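To start, the structure itself, in structure tokens.
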Amino acid sequence: MSNYHIKHLEEYYQVYRKSVREPENFWEEVAEEHFLWRKKWDAVLEWDFSKPEVTWFKNAKLNITENCIDRHLATRAHKTAILFEPNNPDEEAQHITYKELSERVNQFANVLKEQGVKKGDRVCIYVPMIPELAISVLACARIGAIHSVVFAGFSSTALATRINDADCKMVITADGSYRGAKTIDLKGIVDEALNKCPCIETVLVAKRINSKINMKQGRDQWLQPLLDKASTICDATTMDAEDPLFILYTSGSTGMPKGMVHTTAGYMIYTAYTFKNAFQYKENDVYWCTADIGWITGHSYIVYGPLLNGATTVLFEGVPSYPDFGRFWQIVEKHNINQFYTAPTAIRALAKHGTELVDKYDLSSLKVLGSVGEPINEEAWHWYNDNVGKKKSPIIDTWWQTETGGMMITPIPYVTPTKPTYATLPFIGIQPCLMDENGQELKGNQVEGRLCIKYPWPSMARTIWGNHQRYKETYFSAFQNKYFTGDGALRDEVGYYRITGRVDDVIIVSGHNLGTAPIEDAINEHPAVAESAIVGFPHDIKGSALYGYVILKDAGESRNHDNLRKEINQAISEKIGPIAKLDKIQFSNGLPKTRSGKIMRRILRKIAANEMDNLGDVSTLLNPEIVQSIIDNKL
Ligand code: WT7
């Protein structure tokens, strides 16, 4: 077990060096020691970033759910696997043991089979944060169906786009969901989406809020009666190491969201190994990640990583503000949470409400605090460290992406000395580098550039569903033979990394990755709009918020601008989801453009951020005069 659980800094460097010098031996040892295989591999790694093609554990056979569930039954049958904390604090929490999880996943898998789902089929999961979400994910994996979870806060249009892109044959959903004091009509959203999705044959509906919904004959079925009839035994389907496990969509800087494809064995090994080390998880710890399973954080660190380690993982249905801003801390006290993993945006929102609601609860069970999704600013870092961790629980600022499958740069708690706003050191096996704009690697310390990864790691996404060319162009074309992350970063004098933010047209709002292009498309569909450009600007809670510059077709448009603003945000909500709404909308007569017609977002960003005296040379623009007019009308 020596390399599975790192305990001090010297050991980190030692294991890291080995993982970089002999990556194949290193990952083979991890794979040999800790997992159930039906057949071992013929080769640990084959790769070629120019194609790009990456194969880990070639020809190995396994099923990830045997590793998440069956493997633990001998020793952990009665241990809680999933601890469900409902939206309403008065509703009782549910402790789902490994044995119960096994039975429920098998029943669900049998239902999927009965409904005609086969290995390789795509199943869309649009379910709120209730146990059925995790169980349906695992049920798909049990029979080799490829799950495509769509965050249950997305709109019907966003849902339909994702269903059609992956050509899903089934949707799993719920009648509705609870979100704080509100309920959401999920089934209604699904019905609307399915008007545009001819590929869907079956809809399975979990009952959560007991609302009246439409059930379409021949298509829609209540889940529970089917489960009740199903056997609790279901053999796991044998999967190849490189068979797709799931598709998960992430925004791109242009057009369609990208369906990132993750495969089975490499993803399993890396999420298990990172979970164990980055959280220093010990048997009987209670671990809580506040993300939604609809994002990669939830896939890797609510479902797969924790269950692969036989851990107890909390699944929280609600929001941090309900019934009040003390809810997170109330849950920490109630369930004696040991590892707590959340996003900077949540920390900032809670910090705004002072320390009274934190001090009210006993947080002494906490041992490790995690942060993910965006750079954590110094103020939020200290608030988290002082008030939640009481300066005794290390903060792990974990940098990674949907595409990377698992954490890439992170401190190991109690091992790596932390430094506010720094994700610190590469995780074991990860070889980051910084590149300058001419494609040269920046060697040594105290440099800043574009963050790339030089060598494959087991949980990297293998392709974009249905569009390998786009995968190659997006990630492997900017720098030869390297994976380009889209982020900028600096390396300090001791080799610690600090992520400085996106260098492309992706904006991170409250930890959600939003591409500017789909939002601009949604705005441009409004009949009064000619053109638009979106940029991010600093926001004290969301990290970044969206600022839209909109050009109307009729500049003399006499309509009430506030109504127009509402309509634009309404259109964005419908096309993408409320998370993509603009904080500010400025109507303008033009946009600064280069001579080749490209919008100069850099200038728009500076204006939105009130950095007007620092615009640089604008004289080479096609229309330099527009800049002053935009400044004069700034909101
Ligand atoms: C982008 C990926 C990884 C799960 C959640 C987001 C930003 C993520 C950090 C961090 C600075 C971070 C990056 C990255 N990001 N974590 N600790 N420090 N930036 O996944 O939606 O795929 O977004 O989030 O810009 O590229 P995602």
Side-chain angles (χ1 to χ4, degrees), residues 82 84-94 96 104 108 111-112 115 123-137 139-140 147-163 168 170-197 200 202-228 290-295 298 302-303 314-323 327 512 570 573-581:
I82 294 176
F84 174 59
E85 172 66 26
N87 177 64
N88 178 348
D90 299 329
E91 189 181 324
E92 217 175 306
Q94 293 173 30
I96 302 171
R104 290 176 69 175
F108 207 131
V111 169
L112 294 179
Q115 298 295 321
V123 172
C124 175
I125 302 176
Y126 187 72
V127 174
M129 283 287 282
I130 56 178
E132 285 80 355
L133 175 51
I135 291 168
S136 59
V137 161
C140 287
H147 56 78
S148 169
V149 181
V150 176
F151 170 57
F154 271 128
S155 70
S156 64
T157 315
L159 174 61
T161 308
R162 287 160 177 76
I163 288 173
C168 297
M170 175 188 274
V171 179
I172 302 169
T173 189
D175 52 354
S177 64
Y178 293 119
R179 210 177 154 69
K182 288 191 282 193
T183 57
I184 296 167
D185 174 22
L186 276 195
K187 179 61 167 52
I189 297 172
V190 170
D191 288 341
E192 204 177 309
L194 295 194
N195 289 330
K196 289 166 270 173
C197 302
I200 294 297
T202 315
V203 180
L204 300 182
V205 188
K207 193 169 261 186
R208 176 58 182 143
I209 66 167
N210 283 308
S211 57
K212 256 190 105 64
I213 56 167
N214 276 325
M215 293 294 277
K216 187 171 167 188
Q217 270 269 312
R219 187 194 71 183
D220 303 351
Q221 303 194 62
W222 287 106
L223 180 61
Q224 197 56 48
L226 299 174
L227 289 172
D228 291 341
T290 70
D292 192 290
I293 294 174
W295 312 114
I302 295 178
V303 181
V314 173
L315 200 159
F316 174 47
E317 183 183 29
V319 292
S321 55
Y322 180 81
R327 186 69 193 276
H512 299 306
Q570 182 64 26
S573 279
E574 279 163 19
K575 289 269 146 52
I576 297 157
I579 48 176
K581 285 206 267 189

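On a predicted model such as this, the values are computed, not experimentally measured, just so you know. Values below: every heavy atom of this structure, side chains too, minus hydrogens, waters and symmetry copies. Positions are given from 1 along the sequence.
Considering only heavy atoms from C-beta on, Ile200 comes within 4.5 Å of Cys168 through its side chain. The shortest side-chain heavy-atom distance between Leu133 and Val149 falls under the 4.5 Å cut-off. For the pair Asn87/Pro128, no side-chain contact is recorded, criterion being any heavy-atom separation below 4.5 Å from C-beta on. Pro131 has its side chain within reach of Ile96: a pair of non-hydrogen atoms, C-beta onward, lies under 4.5 Å apart. The shortest distance between side-chain heavy atoms of Leu112 and Ile172 falls below 4.5 Å. Contact annotation: the side chain of Tyr126 never approaches that of Ile163 to less than 4.5 Å [non-hydrogen atoms, C-beta and beyond].
Shown here are the side-chain hydrogen bond (donor to acceptor under 3.5 Å, both in side chains) partners of Arg179, two or more places apart in sequence or in another chain: there are none. With sequence neighbours excluded, no residue forms a side-chain hydrogen bond (donor to acceptor under 3.5 Å, both in side chains) with Asn214. Under the ring-ring contact (aromatic ring centres under 6.0 Å, His included) criterion, Phe151 pairs with Phe154, Trp295, not counting sequence neighbours. With sequence neighbours left out, Arg208 forms a salt bridge (Lys or Arg N to Asp or Glu O under 4.0 Å) with Glu91, Glu317. Shown here are the salt bridge (Lys or Arg N to Asp or Glu O under 4.0 Å) partners of Lys581, two or more places apart in sequence or in another chain: there are none. Listed by chain and number, the residues in a salt bridge (Lys or Arg N to Asp or Glu O under 4.0 Å) with Asp220 are Lys187 (sequence neighbours excluded). The side-chain hydrogen bond (donor to acceptor under 3.5 Å, both in side chains) test applied to Thr161 returns no partner, not counting sequence neighbours. For Ala134, the side-chain contact (heavy atoms from CB on, under 4.5 Å) partners two or more places apart in sequence, or in a different chain, are Ile82, Ile293, Val303, Leu315. With sequence neighbours excluded, the residues that form a side-chain contact (heavy atoms from CB on, under 4.5 Å) with Pro320 are Phe328, Leu350. Evaluation of the side-chain contact (heavy atoms from CB on, under 4.5 Å) rule for Thr202 yields Gln115, Met170, Leu204, Gln221 as partners, not counting sequence neighbours. With sequence neighbours excluded, the residues that form a side-chain contact (heavy atoms from CB on, under 4.5 Å) with Glu574 are Gln570. Listed by chain and number, the residues in a side-chain hydrogen bond (donor to acceptor under 3.5 Å, both in side chains) with Thr290 are Thr342 (sequence neighbours excluded).
Residues Glu85 and Ala93 approach most closely at OE1-CB, 3.8 Å, considering heavy atoms. The shortest non-hydrogen separation linking Ala291 to Ile302 is O-CD1, 3.2 Å. In plain terms, the two heavy atoms of Tyr322 and Gly180 that are nearest each other are CG-CA, 3.3 Å. Across all their heavy atoms, Ser136 and Ile125 have their closest contact at OG-CG2, 3.5 Å. Closest heavy-atom contact between Val150 and Cys124: CG2-SG, 3.9 Å. Here the closest heavy-atom approach between residue Phe316 and residue Pro86 is recorded as CE1-O, 3.9 Å.
From Thr173, atom OG1 reaches atom CG of Leu159 across 8.0 Å, with rounding to the nearest 0.5 Å. With values rounded to the nearest 0.5 angstrom, Ser156 atom OG is found 3.5 Å from Glu192 atom CD. Atom CE in Met215 sits 9.5 Å away from atom CG in Asp191 (nearest 0.5 Å).
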Residues Lys196, Thr157; criterion side-chain contact (heavy atoms from CB on, under 4.5 Å); working and verdict
CA-CA 9 Å; Lys196 289 166 270 173; Thr157 315; 4.0 Å; yes
Ile130 vs Tyr178, test: side-chain contact (heavy atoms from CB on, under 4.5 Å). Steps then yes/no.
CA-CA 10 Å; Ile130 56 178; Tyr178 293 119; over 6 Å; no
Test side-chain contact (heavy atoms from CB on, under 4.5 Å) on Ile209 and Ser177 and set out the steps.
CA-CA 6 Å; Ile209 66 167; Ser177 64; 5.5 Å; no
Go through the steps for Leu186 and Ile213 under the test side-chain contact (heavy atoms from CB on, under 4.5 Å), then give the verdict.
CA-CA 9 Å; Leu186 276 195; Ile213 56 167; over 6 Å; no
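Without hydrogens or angle criteria, Arg162 side chain to Ala158 main chain gives a donor-acceptor distance under 3.5 Å.
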